[in-house]
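Worksheet: one structure, shown below.
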Amino acid sequence: MFEHHLTHWEEDVLKEIGNIGAAHAATSLSRLLGERIDMEVPSARLLDFSEIAAEVGEDHLYVATFLEFGGDVKGSFVWLIEPQSAHQLLQALFQDQAHLKKSASDDDHFSDLELSALQEIGNILAGSYLSALADLTGLKLYPHVPGLVVDMGMAVITYGLLEAGHYGEQAVVIDAHLTSRDAKYGGRFFLLPDPHSFQVLYHALGVYANGRDA
Amino acid sequence: MDVMHDVIKVGIAELASARHPGRIRTAGLGSCVGVALYDRRRKIGGLAHVMLPDSKQARGSVKLAKYADTAIPELLRQMEALGAMRWDMVAKLAGGAQMFEHVSSDALKIGERNVEAVRTVLQMIGIPIVAEAVGGRVGRTVELDLEDGTYYVRTAQSEQLKL
């Protein structure tokens with residue numbers, strides 16, 4: 001499916017997708033919290049499945065939101081946040097509200113209420129990311145219902161690789177880091193488009209006028 | 001566990017086999033299945049991180065370790081090359097979870113289908129499954145001890161199981 005590398009054009013386009021998507025998600029998060037959120041320059045890479053463990057840790061625990069999207073382009077969106085960071089985020093969000101316990105910021109346990117708040121945040125972030133991507137490309141994208149688990153990042157990401165797995169042992173991973181100004185909390189977005197969606201993305205963004213297919 | 005230097009690591013859609021001593025490990029099994037085969041008599045073991053059930057669905061060349069129907073025969077072949085005997089082998093399984101409810105139909109049952117495919121192949125080959133920790137909603141990390149065939153299964157938020 002892939003020729004073992006991305007051309008510069010392809011990489012630039014995918015990076016731009018990550019840039020615009022993550023910037024919009026960062027803006028949403030910033031509005032939600034009334035606080036500035038910084039974003040690192042996103043990367044777009046073709047990764048071997050064997051490299052995924054090094055990216056997210058072999059069995060490292062995260063609060064992970066997983067969401068599939070369909071429409072003109074299909075794929076998955078993943079938001080990984082460290083448990084401790086998720087507790088900080090919840091505290092920032094519900095500053096003085098007594099129904100959220102404040103003591104447990106160092107453990108991996110979350111109440112149902114906290115989990116549903118995190119799931120809603122994940123939903124909002126995915127929604128802003130994907131709607132920015134739809135605006136940029138003029139393509140239709142429909143987010144599905146998100147799922148949230150506190151579990152191994154690698155086990156979660158693998159769900160986004162299943163379609164790519166039919167074609168080979170590589171997948172394009174577009175990822176971006178967000179952090180709050182005081183670096184108390186942050187997280188990482190992954191966009192994993194299905195292999196047959198790339199042509200659609202490249203065409204929508206006019207890469208093939210200059211790229212490999214020209 | 002992580003500081004041991006005689007641990008062979010197996011990634012997604014990979015497999016490995018070896019003689020004792022040491023361990024073979026694979027991490028982050030969600031819908032994937034960690035299939036361990038072990039010849040107790042000769043202390044030879046193998047582990048495959050199976051990602052998909054059926055190699056006939058591949059579009060393009062088939063990586064044997066990725067599919068249930070090709071990974072198990074390949075693992076068996078490698079272990080027999082090391083001197084293992086099929087009739088002395090047992091199988092242990094872990095993984096095949098369904099972590100999310102709201103995923104596309106293809107991804108929804110993938111864990112279950114992986115486990116089903118693994119069971120079918122093992123039955124055809126005639127290797128009994130003596131222990132398993134499959135299904136549920138949790139990710140798992142596994143380690144096969146080549147000394148005695150113990151299969152350590154750990155989930156992110158609970159104690160380690162010994163199979």
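Nothing here was measured: the structure is a model prediction, and the numbers come from that model.
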Practice item. Report the C-alpha distance between B:Glu74 and B:Gln78 in whole Å, list the side-chain angles of each, state the deciding distance to 0.1 Å, and finish with yes or no for side-chain hydrogen bond (donor to acceptor under 3.5 Å, both in side chains). Key: CA-CA 6 Å; B:Glu74 173 61 15; B:Gln78 288 191 11; 3.1 Å; yes
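- At distances below 3.5 Å, at least one donor-acceptor pair connects side-chain atoms of A:Asp151 with backbone N or O atoms of B:Gly139.
- In this model, a donor atom of one side chain and an acceptor atom of the other lie less than 3.5 Å apart for B:Asp148 and B:Thr150.
- With A:Tyr62 as the aromatic partner, A:Arg188 does not meet the cation-pi criteria of under 6.0 angstrom to the ring centre and within 45 degrees of the ring axis.
- Using a 4.5 Å cut-off between heavy atoms, A:Leu67 does not touch chain B at all.
- The candidate from B:Ala27, B:Ser55, B:Ala13 with the greatest count of non-hydrogen atom pairs under 4.5 Å with chain A is B:Ala27.
- If you measure heavy-atom distances from B:Ile12 to chain A, the contacts under 4.5 Å come from both the backbone and the side chain.
- Interface remark: A:Val150 contributes backbone and side-chain atoms alike to the contact with chain B (heavy atom separation under 4.5 Å).
- Only the backbone of B:Thr155 comes within less than 4.5 Å of a heavy atom in chain A; its side chain stays farther off.
- The closest donor-acceptor contact from the side chain of B:Asp39 to the backbone of B:Met85 lies under 3.5 Å.
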